[in-house]
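Just so it is clear, the structure is predicted and the values come from calculations on it, not from any experiment. First the proteins, then the strands, lettered A, B, ... as listed; each starts at 1.
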Protein chains: 2
Amino acid sequence: MSERILTLEQAEALAASAFIRCKTRPETAHCVARALVAAEADGLKGHGLSRVPSYAAQARNGKIRGDAEPRLEMVTPALGRIDAGFGFAYPALALAEAMLAEHAPMMGLAATAIRRSHHCGVAGAPVERLAEKGMVAMLFANTPAAMAPWGGSRATFGTNPLAFACPLPGEPPIVVDLSLSKVARGNILAAKQKGQPIPEGWALDAEGRPTTDAEAALKGTMLPLGDAKGTALALMIELLAAGLTGARFAVDASSFLDDKGDPPATGQLLLAFDPALFGGEGTLAHFARLAGQIRSQPGARLPGSRRLALRAKAQKSGLTVAEALVSEIEAL
Amino acid sequence: MSERILTLEQAEALAASAFIRCKTRPETAHCVARALVAAEADGLKGHGLSRVPSYAAQARNGKIRGDAEPRLEMVTPALGRIDAGFGFAYPALALAEAMLAEHAPMMGLAATAIRRSHHCGVAGAPVERLAEKGMVAMLFANTPAAMAPWGGSRATFGTNPLAFACPLPGEPPIVVDLSLSKVARGNILAAKQKGQPIPEGWALDAEGRPTTDAEAALKGTMLPLGDAKGTALALMIELLAAGLTGARFAVDASSFLDDKGDPPATGQLLLAFDPALFGGEGTLAHFARLAGQIRSQPGARLPGSRRLALRAKAQKSGLTVAEALVSEIEAL
């Protein structure tokens with residue numbers, strides 16, 4: 001398969017211009033493009049440039065409103081609500097981050113509840129940026145229905161990512177980013193785009209049978225991590241990310257992947273905690289003690305460290321992108 | 001094995017008097033006894049009356065300070081810090097609940113960070129009580145080191161329970177309560193007390209080998225749910241429950257189960273969110289829509305519902321407790 005090397009700047013310009021041609025405000029287009037390029041650089045291709053064609057198609061027909069501006073309403077000094085206006089999630093998340101970086105250090109903790117939103121992309125990205133500003137942060141997001149409740153048979157919960165980041169003194173934050181399916185749905189999407197099979201145990205087809213066919217898996221249900229506990233966590237995230245925010249539950253949300261139907265209108269709940277107000281000056285050093293306990297064990301590593309290595313490589317050497325994808329984006 | 005039927009009141013009086021004889025303030029003794037009896041009634045025997053002998057031994061020699069009074073310091077209107085004073089966790093959690101029930105409805109959300117604490121018992125209990133008052137609530141707690149980081153070999157994280165509760169209109173709350181080991185450590189403790197083996201896949205022995213021997217498992221490490229994702233969640237909970245609170249990490253915490261060493265001095269982070277401030281009057285009805293989606297599926301049930309059925313039975317018919325355990329408690 002033919003490939004092209006793009007610098008991060010070239011990749012951002014490529015994606016942004018596609019969105020701009022699809023009725024998206026230039027500022028929003030660049031915000032979305034930066035997020036996708038950052039995912040690609042971190043090795044998270046399922047949330048990277050592979051999303052450009054489907055995002056652009058949704059922006060073109062108005063399923064994503066490229067001209068939406070997220071609106072923040074402060075309910076209390078610790079709580080903001082954001083209406084993403086059926087637009088992309090990324091500008092809404094950026095607005096939430098700015099609010100939390102200001103208010104968590106005043107209140108000790110703060111929350112932003114985002115509704116009428118869309119695919120949050122790499123859940124670890126907003127929390128990582130907050131941790132780079134010194135906050136401990138958590139993100140809960142819901143996604144279209146993909147998993148059945150334990151014992152049930154109907155797709156009811158999203159794969160529902162949860163992300164967490166924690167600052168460390170003088171080094172990059174710890175970043176935990178996981179979805180509650182055994183694997184992220186983006187991995188199945190990437191396999192489908194490459195025409196590759198998926199391992200058994202990732203998903204069931206629409207009739208509830210195990211499958212290794214990526215396309216059949218996308219029409220069926222995902223298997224959770226940890227069996228019943230995993231679906232309980234997925235329920236928890238539905239109630240936090242869509243229940244508290246007033247967003248659509250997974251069962252009512254249309255796909256993030258095609259331009260059919262109403263906007264998905266899913267939600268995100270972003271929380272930030274200020275370590276200084278929780279525990280004073282010594283809190284970062286306290287975090288570092290646990291990080292040291294992990295790093296001292298051969299074979300163990302801090303979550304998030306592999307992404308950083310890939311990111312540094314991409315910043316130096318650029319991104320390797322399939323020629324077919326580049327052409328598809330250029331032709332949009 | 002001979003058994004005795006006790007009413008809930010008899011069981012509470014039995015446990016409380018044991019603690020009082022072991023240098024515990026009567027008010028604290030009853031608070032702890034009520035929590036253990038409630039666990040027993042809910043069918044969670046690992047957190048029930050089986051804990052009385054080990055709690056009492058710790059209170060007798062001062063590893064748990066039975067005369068401690070938890071102290072609350074309000075840092076901001078949304079954040080309280082509680083010093084549990086090396087006492088039982090239950091009075092500290094009760095103080096945290098009272099604070100959150102007052103402050104979350106003012107601020108939208110509020111947090112209480114508890115340090116110098118001990119075993120939190122049934123993690124679902126404090127969040128269930130907050131949900132009965134209309135709050136969405138979460139509890140993160142750390143426990144003595146039991147699980148290795150993924151790829152590592154040394155017990156570094158606790159099994160670290162996470163609990164979540166969400167109110168529903170006109171019926172009991174949804175309660176999610178799980179630990180991040182494949183099974184709760186309390187199950188292994190209960191198996192050991194009964195002299196029963198444990199299933200394979202629950203734990204490794206001290207040399208990292210699979211074991212079905214409960215005693216060997218208690219000396220080894222627990223296996224996480226969901227492999228690497230499970231240990232990432234355990235790390236997250238360490239950083240929330242012990243990092244932010246200034247409590248001892250799992251690696252530094254002594255056992256909850258015997259009277260050896262310093263106090264464990266672990267931590268708990270309790271969060272509450274007011275649905276009305278997040279989403280207005282309709283939020284509870286919104287939660288109910290998701291609950292209905294689950295209940296309409298044959299074979300599926302809402303988390304927490306099994307406990308309620310057992311609780312109702314215990315309230316009507318009392319608790320069935322091993323005669324040997326009753327005698328052991330009476331003899332303390």
Side-chain angles (χ1 to χ4, degrees), chain A residues 75-79 81 106-111 113 136 138 148-154 156 162 164 166 174 176 178 182 225-227 229-230 232-233 235-236 238-240 242-246 249 251 271 273 275 277-280 282-283 286-287 289-290 293-294 297-301 303, chain B residues 75-79 81 106-111 113 136 138 148-154 156 162 164 166 174 176 178 182 225-227 229-230 232-233 235-236 238-240 242-246 249 251 271 273 275 277-280 282-283 286-287 289-290 293-294 297-301 303:
Chain A
V75 181
T76 76
L79 172 60
R81 302 174 69 217
M106 296 190 305
M107 304 307 300
L109 73 159
V136 170
M138 299 183 86
W150 199 247
S153 56
R154 214 161 59 224
T156 305
L162 173 163
F164 167 83
C166 178
I174 294 172
V176 170
L178 52 89
K182 231 169 226 157
L225 69 86
D227 303 334
K229 290 187 183 186
L233 290 172
L235 166 61
M236 175 184 88
E238 283 292 329
L239 290 165
L240 291 168
L244 271 180
T245 62
F249 289 119
V251 283
L271 305 177
F273 306 87
L277 284 182
F278 270 79
T283 310
H286 189 44
F287 296 155
R289 166 159 172 72
L290 183 58
Q293 287 283 334
I294 297 163
Q297 298 183 47
R301 60 180 174 76
Chain B
V75 182
T76 76
L79 172 61
R81 301 173 70 217
M106 295 191 304
M107 304 308 299
L109 72 160
V136 169
M138 299 182 85
W150 199 247
S153 55
R154 214 162 58 226
T156 306
L162 173 164
F164 167 84
C166 179
I174 293 172
V176 170
L178 52 91
K182 229 168 229 159
L225 67 87
D227 304 333
K229 290 187 182 185
L233 290 172
L235 165 61
M236 175 184 88
E238 283 290 329
L239 290 165
L240 290 168
L244 271 180
T245 61
F249 289 119
V251 283
L271 304 178
F273 306 87
L277 284 182
F278 270 77
T283 310
H286 189 44
F287 296 154
R289 164 157 173 73
L290 184 58
Q293 286 283 333
I294 297 164
Q297 298 182 48
R301 59 180 175 75

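Contact count versus chain A (heavy atoms, under 4.5 Å) is highest, among B:Leu109, B:Val75, B:Thr283, for B:Leu109. Heavy-atom pairs under 4.5 Å with chain A were tallied for B:Pro303, B:Gly152, B:Gly230; the largest tally goes to B:Gly152. When each of A:Arg81, A:Arg154, A:Met236, A:Met138 is checked for heavy-atom pairs under 4.5 Å with chain B, A:Arg154 comes out on top. Contact tally against chain A (heavy-atom pairs below 4.5 Å) for B:Pro149, B:Gly246, B:Gly226: the top residue is B:Pro149. Most heavy-atom pairs under 4.5 Å with chain A, from the set B:Leu79, B:Ile294, B:Leu244, B:Val136: that is B:Leu244.
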Next item on the list: Apply side chain to side chain contact (heavy atoms under 4.5 Å, CB included) to the pair B:Leu290 and A:Thr156, showing each step before the final yes or no.
Entry: CA-CA 8 Å; B:Leu290 184 58; A:Thr156 305; 4.1 Å; yes
Next item on the list: In sequence, state the C-alpha distance, the side-chain angles, and the governing distance for A:Lys229 and A:Trp150, and then conclude on side chain to side chain contact (heavy atoms under 4.5 Å, CB included).
Entry: CA-CA 9 Å; A:Lys229 290 187 183 186; A:Trp150 199 247; over 6 Å; no
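For B:Arg301, there are no salt bridge (Lys or Arg N to Asp or Glu O under 4.0 Å) partners, not counting sequence neighbours. Scored by the side-chain contact (heavy atoms from CB on, under 4.5 Å) test, A:Ala113 finds A:Thr245, A:Leu269, B:Phe278 as partners (sequence neighbours excluded).
Of all heavy-atom pairs spanning B:Gly243 and A:Phe287, the tightest one is C-CE2, 3.4 Å.
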